[in-house]
A.B. asks: 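My questions all concern the structure below.
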Amino acid sequence: MLPTVDDVLRLEAVRRGQPRVVAGGDRTGNRVRWVHVAEIADIAHLLHGGELVLTTGIALPDEPERLRTYIGELADVGVSGLMIELGRRYATEPPPALIAAAEENGLPVIVLAHEPAFVDITESVHSRILQDQFDELRASEQLHEIFTRLSVEGASTEEVVRQVAALGGHPAVLENLAHQVLAADAGGADASELLSAWETRSRAVRPGRRTGYDPTSGWLVTTVGARGEDWGRLIIDLGSPPSPRETVLIERAATTLALGRLLDRHAESVERQAHGTIIARILAHAYADPQEAAARARALGVPLSGRRLLGAVLRHRGPGAPPAGELSALAETAAAACKDARLAALVGVLDEGGPHARVGVLASLPARADVETALTEIATRVRGRSEGAVMAAGSVVETIRDVRRSFLEAEQVADVAARGSGARLFYRLPDLRLRGLLHLLRDDARVQTFVERELGRLLEYDAQRGADLTRILEIYLDSGRNKAVAAQRAHLSRPAFYERLRRIERVLDADLDDVESCVSLHVALLALSSVRWERP
């Protein structure tokens with residue numbers, strides 16, 4: 001950053017001349033680009049602006065009108081100030097006409113009571129300018145290295161914004177074009193206060209350039225996007241005009257955000273990332289104050305305070321997590337379904353990349369909204385766009401602190417529903433009946449002992465001989481003990497299927513025509529499925 005006239009006055013080489021400001025005292029914040037020694041009056045046409053002009057005044061005119069012209073020309077070209085050495089031409093003060101013209105034109109005039117060495121002044125100021133420029137260059141290089149590393153490592157949006165707040169020492173916010181907050185770091189300040197009435201405040205800030213400072217709000221703002229497709233704004237709440245380093249910081253961060261979006265075409269949208277982060281932090285109780293979670297969600301257009309809240313989980317059928325691209329697509333589908341149904345909700349991928357990855361939906365319901373109707377509308381839209389998805393919902397809760405309970409219930413229901421073959425639009429705990437109960441009790445040692453007692457010998461037989469009698473028994477019982485239907489489902493002839501049933505009876509020493517025995521075996525098979533089932 002270039003030094004100001006005030007900075008120059010504090011330099012030792014200048015202080016030795018006992019400087020005194022005699023005009024333009026309110027403009028000593030002018031930046032000094034260079035120092036130029038000039039004795040002649042006709043000098044303005046050789047200057048480019050930003051110079052601090054040093055003179056003894058020895059060649060300046062006597063006529064007041066020509067002095068006014070001299071000062072006017074210096075002001076017009078944009079010099080930062082005029083410094084006059086007293087003693088050679090002027091004993092104690094410059095002429096009144098010169099001072100009056102300087103006041104009128106807003107040009108700082110400084111007099112030096114003692115004769116200084118102009119070369120010392122120019123050397124000191126130029127050294128300061130060069131040192132500041134070197135510091136800026138070094139800072140810019142450091143910022144370049146930091147954000148290059150973030151780009152290479154594929155840092156999340158949250159991490160980039162966090163770095164902006166840490167490096168700048170001020171709160172940083174990333175918003176979309178609808179002025180909804182995608183990521184924010186309060187930098188140690190109150191996040192609730194930072195995000196309060198965000199959309200209204202943000203819409204009032206419109207810098208004229210791609211990067212600009214708004215003095216009313218104290219915000220430094222830059223547009224985020226690439227290839228002619230802008231998708232957001234990055235904001236640093238400075239409170240004062242930015243330094244060149246802060247301008248470089250925000251522009252380099254915006255480039256990193258734009259590049260990350262271009263490179264990661266298959267990843268979820270920035271909005272989904274923002275939603276998922278809030279849900280995950282709520283579930284982990286990472287917010288010290290629930291009001292911070294409410295403020296962040298409200299800045300994204302989803303009110304949580306004073307609403308009925310419902311946790312829901314979506315996932316594909318079958319064990320294991322699907323590829324990240326499929327899960328991201330399912331999240332976008334769920335988000336679109338909520339918007340179509342006019343339901344405010346946070347929608348994002350939770351535990352992305354891990355074995356428990358799933359889509360989480362935190363629905364915000366008005367007091368009079370019918371829960372079943374809302375869930376039906378969302379599930380119908382999801383089913384129309386993603387037939388293989390299973391949707392499960394937890395209980396309605398009243399506070400953010402209780403959201404975790406609703407999500408845990410939804411996840412347990414989703415685990416069971418994804419294992420079955422039901423065709424319901426969505427599932428809740430009462431829909432799962434016996435299978436749901438056994439899933440909830442799957443870690444109970446008594447349930448595991450029951451499974452071993454009922455099926456242990458059959459499981460050992462299959463393991464030792466590479467047989468599939470356990471599967472045949474499950475098909476038989478799932479078919480309502482209809483042997484003809486079961487044989488068809490097993491892709492076996494009836495005689496071959498009947499022979500396998502007789503073998504099962506011998507291994508288990510059980511009668512498959514006895515209803516009670518079959519019920520007990522069926523319950524054991526359902527419990528075995530829950531014990532063996534790997535959560536998504």
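Remember, it's a predicted structure, so these values are computed and weren't measured experimentally. In what follows, every heavy atom counts, from backbone to side chain, and hydrogens, waters and symmetry copies are set aside.
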A.B. asks: For Arg210, does the CZ atom have more than 12 heavy-atom neighbours from other residues, nucleotides or ligands under 6.0 Å away?
C.D. replies: yes
A.B. asks: Would you kindly check if the NZ (Lys) or CZ (Arg) of Lys483 is within the cone defined by 45 degrees around the ring axis of Tyr498 and under 6.0 Å from the six-membered ring centre?
C.D. replies: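 Judged by the rule (NZ or CZ under 6.0 Å from the ring centre, within 45° of its axis), Lys483 counts as positioned above Tyr498.
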A.B. asks: Do Tyr461 and Ile504 make a side-chain contact, defined as non-hydrogen atoms from C-beta onward lying under 4.5 Å apart?
C.D. replies: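 The answer is no, as the side chains (C-beta and beyond) never meet within the 4.5 Å cut-off.
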A.B. asks: Check whether more than 12 heavy atoms from other residues, nucleotides or ligands sit under 6.0 Å from atom CD of Glu398, and answer yes or no.
C.D. replies: yes
A.B. asks: May I ask you to test the Val507-Glu460 pair for a side-chain heavy-atom distance under 4.5 Å?
C.D. replies: no
A.B. asks: Please test Thr333 against Leu314 for side-chain contact (heavy atoms from CB on, under 4.5 Å), starting from the C-alpha separation and ending with a verdict.
C.D. replies: CA-CA 10 Å; Thr333 296; Leu314 291 91; over 6 Å; no
A.B. asks: How far does CG of Leu330 sit from CZ of Arg315, to the nearest 0.5 angstrom?
C.D. replies: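 Separation between the atoms: 10.5 Å.
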A.B. asks: Does any non-hydrogen side-chain atom of Leu182 lie less than 4.5 Å from one of Leu300?
C.D. replies: yes
A.B. asks: If I take atom OG from residue Ser395 and atom CG from residue Leu309, how far apart are they, to the nearest 0.5 angstrom?
C.D. replies: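 Between Ser395 OG and Leu309 CG, I get 12.5 Å after rounding to 0.5 Å.
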A.B. asks: Please tell me if the side chains of Ile282 and Ile400 come closer than 4.5 Å, counting only heavy atoms from C-beta onward.
C.D. replies: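 Yes, at least one pair of side-chain atoms sits under 4.5 Å.
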A.B. asks: Please answer whether the main-chain N or O of Arg471 pairs with a side-chain N or O of Asp468 as donor and acceptor at a distance below 3.5 Å.
C.D. replies: no
A.B. asks: For Arg252, is there any backbone N or O sitting under 3.5 Å from a side-chain donor or acceptor partner on Thr256?
C.D. replies: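 Between the backbone of Arg252 and the side chain of Thr256 there is a qualifying donor-acceptor contact (under 3.5 Å).
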A.B. asks: Which pair of heavy atoms, one from Arg424 and one from Arg383, lies closest together, and at what distance?
C.D. replies: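 Arg424 and Arg383 have their closest heavy atoms at O-NH2, 2.6 Å.
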A.B. asks: When rounded to the nearest 0.5 angstrom, what distance separates CZ in Arg342 from CD in Glu377?
C.D. replies: 10.5 Å
A.B. asks: Looking only at heavy atoms, which two atoms of Met391 and Ala312 are closest? And how far apart?
C.D. replies: CE-CB, 4.4 Å
A.B. asks: Taking C-beta and beyond as the side chain, do Leu362 and Phe407 meet within less than 4.5 Å on heavy atoms?
C.D. replies: yes
A.B. asks: Going by distance alone, is a donor N or O of one side chain under 3.5 Å from an acceptor N or O of the other, for Ser479 and Asn482?
C.D. replies: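 No, no side-chain donor-acceptor pair sits under 3.5 Å.
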A.B. asks: When you compare the side chain of Val347 with that of Glu332, does any pair of heavy atoms fall below 4.5 Å?
C.D. replies: no
A.B. asks: If we ignore hydrogens and angles and just use 3.5 Å, is the side chain of Asp340 paired with the main-chain N or O of Arg381 as donor and acceptor?
C.D. replies: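 The answer is no, because no donor-acceptor pair under 3.5 Å joins these two groups.
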A.B. asks: What's the verdict on side chain to side chain donor-acceptor pair (under 3.5 Å) for Ser156 and Gln273, showing C-alpha distance, side-chain angles and the deciding distance?
C.D. replies: CA-CA 8 Å; Ser156 67; Gln273 290 181 26; 5.6 Å; no
A.B. asks: Does the side-chain contact (heavy atoms from CB on, under 4.5 Å) test come out yes or no for Leu528 and Leu459, once each step is laid out?
C.D. replies: CA-CA 11 Å; Leu528 176 65; Leu459 293 170; 4.1 Å; yes
A.B. asks: Take atom CZ in Arg201; do more than 12 heavy atoms of anything else shown fall under 6.0 Å from it?
C.D. replies: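 Correct, the count exceeds 12.
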A.B. asks: Are Glu271 and Lys339 close enough for a salt bridge, meaning some N to O gap below 4.0 Å?
C.D. replies: yes
A.B. asks: What pairs meet the side-chain hydrogen bond (donor to acceptor under 3.5 Å, both in side chains) rule with one or both residues in residues 299-308, with sequence neighbours excluded?
C.D. replies: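 Matches after skipping sequence neighbours: Arg307-Ser364.
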A.B. asks: Hey, is Arg428 close enough to Glu372 for a salt bridge, meaning N to O under 4.0 Å?
C.D. replies: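 Looking at Glu372 together with Arg428, the answer is yes, because their closest N to O distance falls below 4.0 Å.
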A.B. asks: Report the residues that fulfil salt bridge (charged side-chain N to carboxylate O under 4.0 Å, His left out) with Arg149, sequence neighbours left out, ordered by chain and then residue number.
C.D. replies: Glu153
A.B. asks: Work out which heavy atom in Gly348 is nearest to a heavy atom in His275; give both atom names and the distance.
C.D. replies: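 Minimum heavy-atom separation between Gly348 and His275: N-CB, 4.3 Å.
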A.B. asks: Looking at every heavy atom in both Ile475 and Ala486, which two are closest together, and how far apart are they?
C.D. replies: CG2-O, 3.6 Å
A.B. asks: Are side-chain heavy atoms of Ile146 and Gln163 found at a separation under 4.5 Å?
C.D. replies: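 Touching, per the 4.5 Å side-chain cut-off.
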A.B. asks: If you take all heavy atoms of Arg358 and Leu327, which pair is closest and at what distance?
C.D. replies: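 Taking Arg358 first and Leu327 second, the nearest heavy atoms are N-CD2, 3.7 Å.
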A.B. asks: Between Asp462 (side chain only) and Leu469 (backbone N and O only), is there a donor and an acceptor less than 3.5 Å apart?
C.D. replies: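 At least one qualifying donor-acceptor pair exists.
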A.B. asks: To the nearest 0.5 angstrom, please state how far the CZ atom of Arg272 sits from the OG atom of Ser328.
C.D. replies: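 Here the rounded value is 10.0 Å.
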A.B. asks: Atom CD in Glu251, atom CG in Leu234: separation rounded to 0.5 Å?
C.D. replies: 10.5 Å
A.B. asks: For Trp198, check ring pair (Phe, Tyr, Trp, His ring centres under 6.0 Å) against everything at least two apart and list the hits.
C.D. replies: Trp219
A.B. asks: So does Leu283 get a backbone contact from the side chain of Arg404, meaning a donor-acceptor N/O pair under 3.5 Å?
C.D. replies: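 Judged by distance alone, yes, a pair lies under 3.5 Å.
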A.B. asks: Just one of Leu249, Leu259, Leu257, Thr255 clears the side-chain contact (heavy atoms from CB on, under 4.5 Å) bar with Phe147, so which one?
C.D. replies: Leu249
A.B. asks: Quick one: do Leu525 and Thr470 satisfy side-chain contact (heavy atoms from CB on, under 4.5 Å)? Show the steps, please.
C.D. replies: CA-CA 9 Å; Leu525 285 168; Thr470 305; 3.9 Å; yes
A.B. asks: Under the 3.5 angstrom rule, does the side chain of Thr380 hit a backbone N or O of Thr376 as a donor-acceptor pair?
C.D. replies: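 Looks like yes, one N/O pair under 3.5 Å.
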A.B. asks: For Arg457 and Asp509, work out which heavy atoms get closest and say how close.
C.D. replies: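 That would be NH1-CB, 4.1 Å.
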A.B. asks: Do Gln142 and Leu167 have side chains that approach each other closer than 4.5 Å (heavy atoms only, starting at C-beta)?
C.D. replies: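 No, every pair of side-chain atoms sits at 4.5 Å or beyond.
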A.B. asks: From the options Asp402, Leu408, Val403, select the one residue that forms a side-chain contact (heavy atoms from CB on, under 4.5 Å) with Arg405.
C.D. replies: Asp402
A.B. asks: State plainly whether the residues Glu505 and Arg502 are in salt-bridge range, i.e. N to O under 4.0 Å.
C.D. replies: no
A.B. asks: Would you find more than 12 non-hydrogen atoms of other residues, nucleotides or ligands less than 6.0 Å from Arg203 atom CZ?
C.D. replies: yes
A.B. asks: How long is the straight-line distance from CZ of Arg206 back to CG of Asp214, given to the nearest 0.5 Å?
C.D. replies: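 Going from CG on Asp214 over to CZ on Arg206, the span is 11.5 Å.
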A.B. asks: Are Arg481 and Val515 close enough, and set up right, to give a side-chain contact (heavy atoms from CB on, under 4.5 Å), and what steps lead you there?
C.D. replies: CA-CA 10 Å; Arg481 298 170 61 224; Val515 175; 3.8 Å; yes
A.B. asks: Can you list the steps and then say if Ser202 with Arg233 is a side chain to side chain donor-acceptor pair (under 3.5 Å)?
C.D. replies: CA-CA 10 Å; Ser202 177; Arg233 299 199 306 178; 3.0 Å; yes
